[in-house]
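The structure presented is a predicted model; accordingly, all values stated were derived computationally and were not measured. Each ligand, and each atom within it, is numbered from 1 in the order the structure gives.
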Amino acid sequence: MTVPVIVDCDPGHDDVFALWFAAGHPSLELLAVTTVGGNVPLEHTSRNARVALSVAGVVDVPVAAGARGPLARELSTAEWIHGENGLGGPELPDPDAGPTPVPLDPRSATELIADTLAEASEPVAIIATGPITNVAVLLRDRPDLAPRIREVVWMGGSTERGNATPYAEFNAWVDPEALDLVLQSGIRFTMVGLNVTHRALVTSRVRERLAAIGTRTAGFGDELLEFFCRTNDEVFGMPDGPLHDPVAVAVLADPDAVEIVRTRLDVELIGSETVGATSVDLDGMLAREPNAFVAVGLDVERFWADVEAAVARLA
Ligand code: RIB
Ligand code: CA
C-alpha cells in the first residue's frame with residue numbers, strides 16, 4: 001500500500017535527497033513537487049527542484065513554484081550552507097534540456113496542490129522541508145481542501161536548540177507565522193526537528209554506501225554531499241553534515257524508523273531573542289491540549305538503508 005505524497009521544498013542539498021527518497025522509495029507515490037523561497041530565493045529553489053528530478057530521471061512529476069517569501073517577514077536565506085545557487089558543488093545541468101527535461105509547471109503551488117488533491121483517489125500527505133509558507137497559504141486560501149490532506153509532515157523546529165539562532169531552527173525562524181497558522185488549522189501535523197535530524201549524519205561510511213550505488217543520481221548526490229559536509233564543518237563544526245530533510249520523508253516511507261510522540265507544540269512569534277523557537281511541551285507542563293506529533297527518535301541504520309534503497313531505484 002503506497003502513500004501518495006506531495007513534497008514542498010527549498011532545495012537545498014538535503015531537500016534534494018528528500019525528493020529522491022520520496023520519488024524512489026516503493027512505499028511512497030510522489031504526485032507533485034512545490035517550491036518555496038528559503039535556503040535560497042525562489043528562482044533557485046524552483047530550478048533546483050527541477051534539476052534534482054531531471055538528474056534522477058523523474059520526468060512525470062509536476063513542479064510548481066510557490067511563495068517567494070514568508071507570510072509577514074522579509075525572506076532570510078542560507079547561502080552559507082547551500083551556496084549562492086542553493087546546490088553548491090556539482091555543475092548543474094539545464095533542467096529544460098537533455099534526455100530527461102523537467103519543465104516548470106505554469107500553475108502556482110496552491111493551484112498544483114489543489115488539482116493534485118482533487119485528482120487523487122485518497123487523501124494525500126504533504127511533506128514540507130522548507131519554511132512552511134506554501135502549506136499555510138493553501139490552508140488559509142483553500143480550507144475546503146483540508147479533508148483531502150492526509151497529514152502534514154514537516155522538517156523543522158527542534159525540541160532543543162536552534163541552528164539559525166540559539167533558539168530557532170531555520171525553517172521555523174524564516175516563517176514562524178506560517179507554522180502558527182498550520183498549527184491553528186487542526187490538520188494532522190508531525191514536526192521532525194533538529195533533535196532527530198542531527199542524528200542523520202553523513203559519515204564517510206554513509207557517503208561510501210551512497211556513492212557505491214554507482215548511478216548518475218548517486219554520483220551527483222556525492223558531489224552535493226561533499227559540498228554540504230564541508231560547509232556544515234565550516235559553519236557548525238559538523239564535518240558529517242546532518243541530512244535533515246529526508247528524515248521527514250522517512251516518517252511516511254518507513255514509520256518504524258522514526259519514533260514520534262503526541263504532544264503540545266507552539267511557536268514563538270514575538271520574542272526579541274526567541275522568535276521562531278518551537279516550544280515542545282513533552283512533559284505536559286503547560287496543561288494545554290496536545291496538537292501535534294513530534295519526532296523524538298531515529299533508527300539511524302534503518303533510515304540510511306531506506307535512503308540507499310530509494311536512490312538506487314533512480315537513474
Ligand atoms: O534547519 C534545516 C532546514 O533548513 C533544512 O530543511 C534545510 O534544507 C534548511 O531548509
Ligand atoms: Ca529544506
Side-chain angles (χ1 to χ4, degrees), residues 6-22 33-42 44-49 51-52 63 65-70 75-89 109 126-135 152-176 178-179 190-202 221 224-225 227-229 231-232 235-236 238 240-251 267 275-278 294-295 298 307:
I6 294 167
V7 172
D8 180 71
C9 55
D10 65 333
H13 293 67
D14 51 334
D15 300 76
V16 167
F17 281 84
L19 285 170
W20 290 347
F21 192 172
V33 173
T34 53
T35 59
V36 65
N39 283 319
V40 285
L42 184 66
H44 283 303
T45 59
S46 301
R47 185 177 181 83
N48 293 341
V51 167
V63 178
R68 290 186 172 283
L75 175 64
S76 298
T77 52
E79 287 85 354
W80 69 85
I81 288 290
H82 298 280
E84 282 305 308
N85 67 4
L87 289 185
I126 298 177
I127 303 171
T129 62
I132 202 164
T133 316
N134 287 339
V135 177
V152 175
V153 180
W154 173 64
M155 189 280 136
S158 175
T159 64
E160 297 158 354
R161 294 176 64 80
N163 62 355
T165 72
Y167 291 96
E169 177 279 330
F170 178 78
N171 290 337
W173 177 69
V174 168
D175 199 347
L179 176 57
T190 300
M191 179 188 105
V192 180
L194 298 177
N195 51 295
V196 291
T197 67
H198 275 172
R199 300 190 58 210
L201 297 176
V202 180
L224 289 177
L225 294 180
F227 184 95
F228 184 72
C229 290
T231 56
N232 270 275
V235 174
F236 296 114
M238 299 178 77
D240 298 343
L243 208 64
H244 307 283
D245 293 335
V247 184
V249 179
V251 169
V267 58
V275 68
T278 43
V294 170
L298 180 67
V307 172

Passing option when N39 is tested against D15, T77, D14 for side chain to side chain donor-acceptor pair (under 3.5 Å): D15
Pair D10, T45: side-chain N/O donor-acceptor within cut-off below 3.5 Å: no
Close-contact set for ligand 1 against N163 heavy atoms, below 4.0 Å: 1 (O), 2 (C)
Passing candidate, side chain to side chain contact (heavy atoms under 4.5 Å, CB included) with W173, options L179, V267, T278, T165: T165
Nearest neighbour in protein (non-hydrogen) for atom 1 (O) of ligand 1: E169 OE2, 2.6 Å
Flag, side chain of W154 to backbone of G130, donor-acceptor distance under 3.5 Å: yes
Donor-acceptor contact below 3.5 Å, side chain N195 vs main chain A295: yes
H198 and H244 aromatic ring geometry - parallel, tilted or perpendicular at 30°/60° bounds: tilted
Part of I81 within contact of ligand 1 (heavy atoms, under 4.0 Å): neither
Enumerated ligand 1 atoms positioned under 4.0 Å from heavy atoms of M155: 2 (C), 3 (C), 5 (C), 6 (O)
Shell of protein N/O/S atoms around the Ca ion (ligand 2), taken as anything under 3.0 Å: D10 OD1, D15 OD1, D15 OD2, T129 O, D245 OD2
Atom indices of ligand 1, in the order listed, that fall short of 4.0 Å to a heavy atom of D10: 10 (O)
Nearest neighbour in protein (non-hydrogen) for atom 9 (C) of ligand 1: N39 OD1, 3.1 Å
Euclidean distance, R161 CZ relative to E169 CD, rounded to 0.5 Å: 14.0 Å
H244 N/O to ligand 1 N/O under 3.5 Å: no
Shortest protein contact, atom 6 (O) of ligand 1 (heavy atom only): D245 OD1, 2.6 Å
Within reach of ligand 1, part of T129 (heavy-atom separation under 4.0 Å): backbone
Residue, atom name and distance, where the atom is the protein heavy atom closest to atom 8 (O) of ligand 1: D14 OD1, 2.7 Å
N48 side-chain N/O to P11 backbone N/O, donor-acceptor pair under 3.5 Å: yes
D245 side chain to A18 backbone, donor-acceptor under 3.5 Å: no
Residue portion contacting ligand 1 (non-hydrogen atoms closer than 4.0 Å) for T197: neither
Option among T129, T133, N134, T35 that satisfies the side chain to side chain donor-acceptor pair (under 3.5 Å) test with D8: N134
Heavy-atom donor-acceptor pair, T190 side chain to V153 backbone, under 3.5 Å: no
Proximal atoms of ligand 1 relative to N171 (non-hydrogen, under 4.0 Å): 3 (C), 4 (O), 5 (C), 6 (O), 9 (C), 10 (O)
Side-chain heavy-atom pair V251, I127 within 4.5 angstrom cut-off: no
